[in-house]
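Excluded from the calculations below are hydrogen atoms, water molecules and symmetry mates; all remaining heavy atoms, backbone and side chain alike, are included. Note that ligands are numbered from 1 as they come in the structure, with each ligand's atoms numbered from 1 the same way.
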Amino acid sequence: MNTRYRQASFLRAVARLNQAPDDVGREVAFAGRSNAGKSSAINTICDQRQLARTSKTPGRTQQIVFFETEEGRRLVDLPGYGYARVSEAIKLQWQELMADYLRHRHSLIGLVVVMDIRHPLTDFDLRMLDWSRESSLPLLLLLTKSDKLKRGAGMAQAERVRQAVANEGDRIRVERFSSFDRQGIEPVHEVLDHWLDLAV
Ligand code: GDP
C-alpha cells in the first residue's frame with residue numbers, strides 16, 4: 001500500500017478561490033459528474049473510509065475541498081456536476097468556480113475526471129476536457145464502478161474512451177477503476193505519484 005495517500009488529511013473547504021490555500025507546491029484535482037463515484041474513489045485511493053464525504057446532498061453551496069498528503073502536496077475534491085435539479089444560479093456559480101480554478105490555479109498539475117464506466121464522456125465531462133486542453137493539463141480519465149461490467153465489456157469500454165481521446169496524445173490516460181474491488185489502484189497511485197513528484 002502506498003503510504004503517502006494514507007496520510008492525507010482535510011485541509012480546507014472553500015466556496016471561493018480566494019479562500020483557497022496558498023497557491024504553492026503541487027495539487028491534483030478530482031472532478032466528476034455527481035454520483036459517478038468520485039468521493040469513493042478518493043477514499044479508496046487514500047485507504048480511508050470517510051476522507052471525502054460520499055452521497056452529498058445535491059444543490060448545496062458548491063465547495064472545493066483540499067486535502068494535504070504532505071507539506072505542499074494536495075488532493076482536491078471539486079464540486080460534483082450534472083445535478084439535473086439545481087437552479088441555473090447554482091449551475092452558473094459552479095461554472096465560474098471551476099473555470100476560475102482550472103484556468104488560474106498554478107499549483108494544479110494534474111486533473112482526474114471520474115466517470116461511471118457505463119456512462120463515460122457526458123457533456124459535462126467534455127467541458128472539463130476542453131478546460132484542461134486550454135491549459136495543457138495532464139488528465140487521468142478514471143472509469144469507475146468497473147465491477148459493474150464483465151471484464152471483456154469493461155476493457156472494450158476503456159478502449160472506446162481511449163479511441164475518443166486518441167488525438168490528445170499522451171496528455172490523457174484512461175484507466176478502469178473500482179472502489180469495491182480496488183481494481184486499478186496501482187496505476188492510479190503511479191500516475192498521482194508521478195504528478196506530485198515532478199520537479200517543481
Ligand atoms: P460522488 O457523488 O461522485 O462522490 O459518488 P459517491 O462516491 O458518493 O458514489 C455514488 C454511489 O456509487 C454510491 O452509492 C456508491 O456506493 C457507489 N459506488 C461508488 N464507487 C463504486 C464502485 O467502484 N463500484 C460500485 N459498484 N459502486 C460504487
With a 3.5 Å cut-off and no angle check, do the side chains of [X] and [Y] form a donor-acceptor pair?
X      : Y      : value
Tyr5   : Asp193 : yes
Asp125 : Thr122 : yes
Arg160 : Gln163 : no

N or O pair under 3.5 Å between [X] and ligand 1:
X      : answer
Arg53  : no
Gly37  : yes
Lys148 : no
Thr144 : no

Show which atoms of ligand 1 fall inside a sub-4.0 Å distance from at least one heavy-atom site of [X].
X      : result
Ser39  : 1 (P), 4 (O), 7 (O)
Ser40  : 6 (P), 7 (O), 9 (O), 19 (C), 20 (N)
Ser179 : 20 (N), 22 (C), 23 (O)

If you measure from each non-hydrogen atom of Asp147 to ligand 1, which part falls under 4.0 Å: side chain, backbone, both or neither?
side chain
Pairing of Arg33 and Asp116 as salt bridge, 4.0 angstrom limit
no
Salt bridge (Lys or Arg N to Asp or Glu O under 4.0 Å) against Arg127, all qualifying residues, sequence neighbours excluded:
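Checked Arg127 against salt bridge (Lys or Arg N to Asp or Glu O under 4.0 Å); zero matches.
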Side-chain donor-acceptor pairs of residues 13-23 under 3.5 Å, sequence neighbours excluded:
residue: Gln19; atom: OE1; partner: Ala15; partner atom: N; Å: 3.2
residue: Gln19; atom: OE1; partner: Arg16; partner atom: N; Å: 3.1
residue: Asp23; atom: OD1; partner: His106; partner atom: N; Å: 3.3
residue: Asp23; atom: OD1; partner: Ser107; partner atom: N; Å: 2.8
residue: Asp23; atom: OD1; partner: Ser107; partner atom: OG; Å: 2.6
residue: Asp23; atom: OD2; partner: His106; partner atom: N; Å: 2.8

Work out whether the distance between some heavy atom of Ala36 and some atom of ligand 1 is less than 4.0 Å.
yes
Please verify whether a non-hydrogen atom of Gly32 lies at under 4.0 Å from ligand 1.
no
Leu140 vs Glu175, side-chain contact (heavy atoms from CB on, under 4.5 Å): CA-CA, chis, key distance, verdict:
CA-CA 7 Å; Leu140 172 62; Glu175 292 291 342; 3.9 Å; yes
